[in-house]
Amino acid sequence: MGNEEIIKMLNADITGEIEAILTYLRHQFVCGICEISRTMEEIAIDEMRHLEWLSETVVDLGGIPTIEHAQLNLEGEDVPSMLKRDVGLEEMAINQYQEHINAIDDPKIKRLLTKIMNEEIEHKEEFSDKLNELPENVAKEPTLTIGSLKEGGEK
Ligand SMILES: [Fe+2]
Ligand SMILES: [Fe+2]
């Protein structure tokens, strides 16, 4: 496989990382439950490290790291919907990294993608745990939204 093909794959991975960062930061701000917000923030920071490693690798291969991301899906901003979406993003990432690990021969890049994929597996577990730990009543309460932050101040 030529460098160009590898760059294409890594840029697809970067696109996913940017989508995850933006989604988790948004969820962190609106989720309204401190402990879950902190988890979202920590995981977003992990994704920023992934973005950096992948971008450095693209540059090393002579490519230009993308700054594109998929259209953000921010519907359904109650806490369970957010956590389900986050679990889904991690699942997509795990599948894509596995495909790319299988497709790419370069041992160094394979190692990097495996390291990232293992962190995505941990993220998926963390988000799933948070989702499973949600008490029934919290799951049904409306969430603090950006709108109510602007209008109401404290809640
Ligand atoms: Fe990541
Ligand atoms: Fe992740």
Side-chain angles (χ1 to χ4, degrees), residues 1-134 138-139 143-146:
M1 182 184 295
N3 277 9
E4 249 174 63
E5 256 180 289
I6 299 177
I7 289 166
K8 228 176 165 181
M9 284 186 183
L10 297 180
N11 269 333
D13 295 333
I14 288 174
T15 298
E17 293 292 345
I18 296 171
E19 181 182 10
I21 292 164
L22 295 174
T23 303
Y24 301 162
L25 289 179
R26 161 71 168 215
H27 287 176
Q28 176 206 339
F29 299 141
V30 299
C31 144
I33 301 174
C34 251
E35 199 200 328
I36 297 179
S37 276
R38 204 169 313 120
T39 298
M40 289 165 166
E41 182 186 17
E42 282 166 3
I43 294 181
I45 292 169
D46 283 346
E47 313 302 7
M48 289 176 209
R49 279 191 295 108
H50 298 170
L51 177 65
E52 189 186 348
W53 295 337
L54 292 166
S55 299
E56 282 168 359
T57 307
V58 167
V59 170
D60 287 347
L61 291 169
I64 298 170
T66 185
I67 49 162
E68 281 172 29
H69 63 82
Q71 172 119 35
L72 298 181
N73 173 1
L74 297 171
E75 278 169 46
E77 288 185 323
D78 54 88
V79 178
S81 304
M82 284 189 267
L83 286 169
K84 274 180 208 155
R85 173 94 186 108
D86 299 346
V87 170
L89 281 174
E90 295 296 336
E91 276 169 357
M92 273 170 46
I94 292 163
N95 292 337
Q96 186 162 307
Y97 282 118
Q98 188 61 69
E99 274 173 33
H100 291 176
I101 290 163
N102 294 342
I104 294 171
D105 295 321
D106 182 305
K108 205 176 153 199
I109 298 176
K110 254 185 191 322
R111 266 202 309 278
L112 173 67
L113 298 186
T114 304
K115 178 161 89 171
I116 296 175
M117 187 181 69
N118 286 331
E119 291 196 14
E120 312 302 14
I121 291 169
E122 278 175 35
H123 295 163
K124 188 193 151 191
E125 282 172 9
E126 282 182 73
F127 284 136
S128 298
D129 288 348
K130 288 279 179 286
L131 184 62
N132 294 332
E133 286 163 10
L134 277 182
V138 169
T143 316
L144 185 67
T145 64
I146 294 276

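This chain uses plain numbering: 1 for the first residue, then up along the sequence. Order of listing sets the numbers, starting from 1, for every ligand and every atom in it.
Not a single N/O/S atom of Glu119, whether from backbone or side chain, sits less than 2.8 Å from the Fe ion (ligand 2). Among the atoms of His50, no N, O or S atom is found under 2.8 Å from the Fe ion (ligand 2). For the Fe ion (ligand 2), the N/O/S atoms of Asp46 include none lying under 2.8 Å.
Annotation for Ile45: atom CD1 counts as buried by contact number, over 12 foreign heavy atoms lying within 6.0 Å.
The pair Arg49-Glu56 does not meet the salt-bridge criterion, since no charged nitrogen lies less than 4.0 angstrom from a carboxylate oxygen.
Between the side chain of Thr15 and the main chain of His69, no donor-acceptor pair closer than 3.5 Å is present.
Angle subtended at the Fe ion (ligand 1) by Glu47 OE1 and Glu17 OE1: 90°, rounded to 10 degrees. Between OE1 of Glu120 and ND1 of His123, the angle at the Fe ion (ligand 2) works out to 90°, rounded to 10 degrees.
A donor-acceptor contact closer than 3.5 angstrom links the side chains of His123 and Glu120. For the residue pair Gln98 and Asn102, a side-chain donor N or O sits within less than 3.5 Å of a side-chain acceptor on the partner.
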